[in-house]
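First the structure, in the form of structure tokens, and then the observations on it.
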Amino acid sequence: MDRRVRQTRDALGDALVAIMHEKPFDDITVQHVLDRAGVGRSTFYTHFRDKDDLFLSDVEDFLEGMAFALSRQSERSNRVAPVREMFAHLADWRQFSKVLVASGKFRDFVELGQGYFARGIEQRLAELPRAAAIPQAKRTVLAQMFAGAMLSLMTWWMNQDKPATPAQMDEIYHRMVWEGIGSPDSQ
């Protein structure tokens, strides 16, 4: 993507997130976003249909980067999902997580997250020698299951007063993953 286009899209996304901290999503207008971002109306509509499209585009950009982070970084561990990184991000953005829930947009985030993380986990399973014997069809099913488990764990974790650390949650999750997969001869 062209650098200027990326900067414009980022400015609009950042403006929307900032405004979501100040007022309910339903009360936000495109004009509020334009004023905050310093972007013209025609530029906005060149990239997005409405504020919902902007929100979903921003979420998809985030999820794409997060879901495929381990593969892009060629990580050498047996981790199938960046749980530690995701939970650390949520800890840093705990207030925004509450804003998402209050705005009714958390459900959109989780639904999109299911697809992105399932694809990322499936790709990661295909890359790992430890999972090489798993047939493609089973990898797809496992990826869906593990993505759902991760998002469920994330939702639970966000609702706890003193949750475990992101590193502890990563360890718990990956222990569950590999116990669920079992030994290579059980494939």
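With sequence neighbours excluded, the residues satisfying side-chain hydrogen bond (donor to acceptor under 3.5 Å, both in side chains) with Q136 are E122, R139, T140. Annotation: side-chain hydrogen bond (donor to acceptor under 3.5 Å, both in side chains) contacts of D92 (sequence neighbours excluded): none. Taking the side-chain hydrogen bond (donor to acceptor under 3.5 Å, both in side chains) definition, one finds that Q168 meets it with T165, sequence neighbours left out.
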>> side-chain contact (heavy atoms from CB on, under 4.5 Å), that's the test. Do V177 and I121 meet it? Break it down for me.
In response: CA-CA 11 Å; V177 164; I121 291 168; over 6 Å; no

> Going through the checks in order, is the side-chain contact (heavy atoms from CB on, under 4.5 Å) test met by V17 and D58?
Replying inline: CA-CA 9 Å; V17 168; D58 233 31; 4.2 Å; yes

>> Let's go through H174 and N78 carefully: what are the C-alpha distance in whole Å and the side-chain angles of both, what is the deciding distance for side-chain contact (heavy atoms from CB on, under 4.5 Å) to 0.1 Å, and is it a yes or a no?
In response: CA-CA 8 Å; H174 284 96; N78 279 320; over 6 Å; no

> side-chain contact (heavy atoms from CB on, under 4.5 Å) between V59 and D108: does it pass, once the steps are laid out?
Replying inline: CA-CA 9 Å; V59 168; D108 293 337; over 6 Å; no

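Closest heavy-atom contact between D27 and H32: O-CE1, 3.5 Å. In this structure, M20 and V99 approach most closely via the heavy-atom pair O-CG1, 3.1 Å. Scanning both residues, A67 and P82, for their nearest heavy atoms gives O-CD, 4.4 Å. Counting all heavy atoms, side chain and backbone alike, M150 lies closest to F87 at O-CZ, 4.4 Å. Nearest heavy-atom pair, A164 versus M169, reported as atom, atom and distance to 0.1 Å: CB-SD, 3.6 Å. Between M66 and H89, the closest heavy-atom pair is CE-CB, 4.3 Å.
In terms of modelled atom types and a separation under 3.5 Å, the side chain of T155 and the main chain of L151 share a donor-acceptor contact. Judged purely by atom type and a 3.5 angstrom limit, R124 has no side-chain atom pairing as donor or acceptor with the backbone of S71. Of the possible donor and acceptor atoms, none in the side chain of Q114 sits under 3.5 Å from a partner among the backbone N and O of V110. Of the possible polar contacts, none joining the W157 side chain to the L90 backbone as a donor-acceptor pair under 3.5 Å is found. Looking only at distances, a side-chain donor or acceptor of K51 sits under 3.5 Å from a matching main-chain atom of F25.
Distance check, rounded to the nearest 0.5 Å: CG of D170 to CZ of R175 gives 11.0 Å. Here the straight-line distance linking atom CZ of R76 with atom CG of L128 works out to 12.0 Å at 0.5 Å rounding. Going from atom CG of L12 over to atom OG1 of T43 covers 8.5 Å, rounded to the nearest 0.5 Å. In this structure, CZ on R130 lies 11.0 Å from CG on L125, to the nearest 0.5 angstrom. Atom CZ in R9 sits 10.0 Å away from atom CZ in F44 (nearest 0.5 Å). For the atom pair CG of L112 and CD of E64, the computed distance is 11.5 Å after rounding to the nearest 0.5 Å.
Between D52 and K105 there is a salt bridge, since at least one side-chain N of the basic residue sits less than 4.0 Å from a carboxylate O of the acidic one.
Taking 4.5 Å as the limit, every side-chain heavy atom of L142 sits out of range of all side-chain heavy atoms of V80. Contact annotation: the side chain of E127 approaches that of Q123 to within less than 4.5 Å [non-hydrogen atoms, C-beta and beyond].
Residue R4 qualifies as open at atom CZ: its count of foreign heavy atoms under 6.0 Å is 12 or below. When the shell of 6.0 Å around CZ of R6 is examined, it contains more than 12 heavy atoms from other residues, nucleotides or ligands. Around CZ of R107, the count of heavy atoms belonging to other residues, nucleotides or ligands within 6.0 Å does not exceed 12.
Side chains of Q31 and T29: no donor on one and acceptor on the other come within 3.5 Å.
Between F109 and F106, the two ring planes are parallel [angle under 30°; tilted spans 30° to 60°]. The aromatic rings of F146 and Y173 sit perpendicular, their planes meeting at an angle over 60°, well past the 30° parallel limit.
A chain of hydrophobic side-chain contacts below 4.5 Å, direct or via other Ile, Leu, Val, Met, Phe, Trp or Tyr residues, connects V33 to F55. In this structure, V141 is not a member of the same hydrophobic cluster as F117, with clusters built from ILVMFWY side-chain heavy atoms closer than 4.5 Å. No continuous path of hydrophobic side-chain contacts links M145 to L70 [ILVMFWY only; heavy atoms under 4.5 Å].
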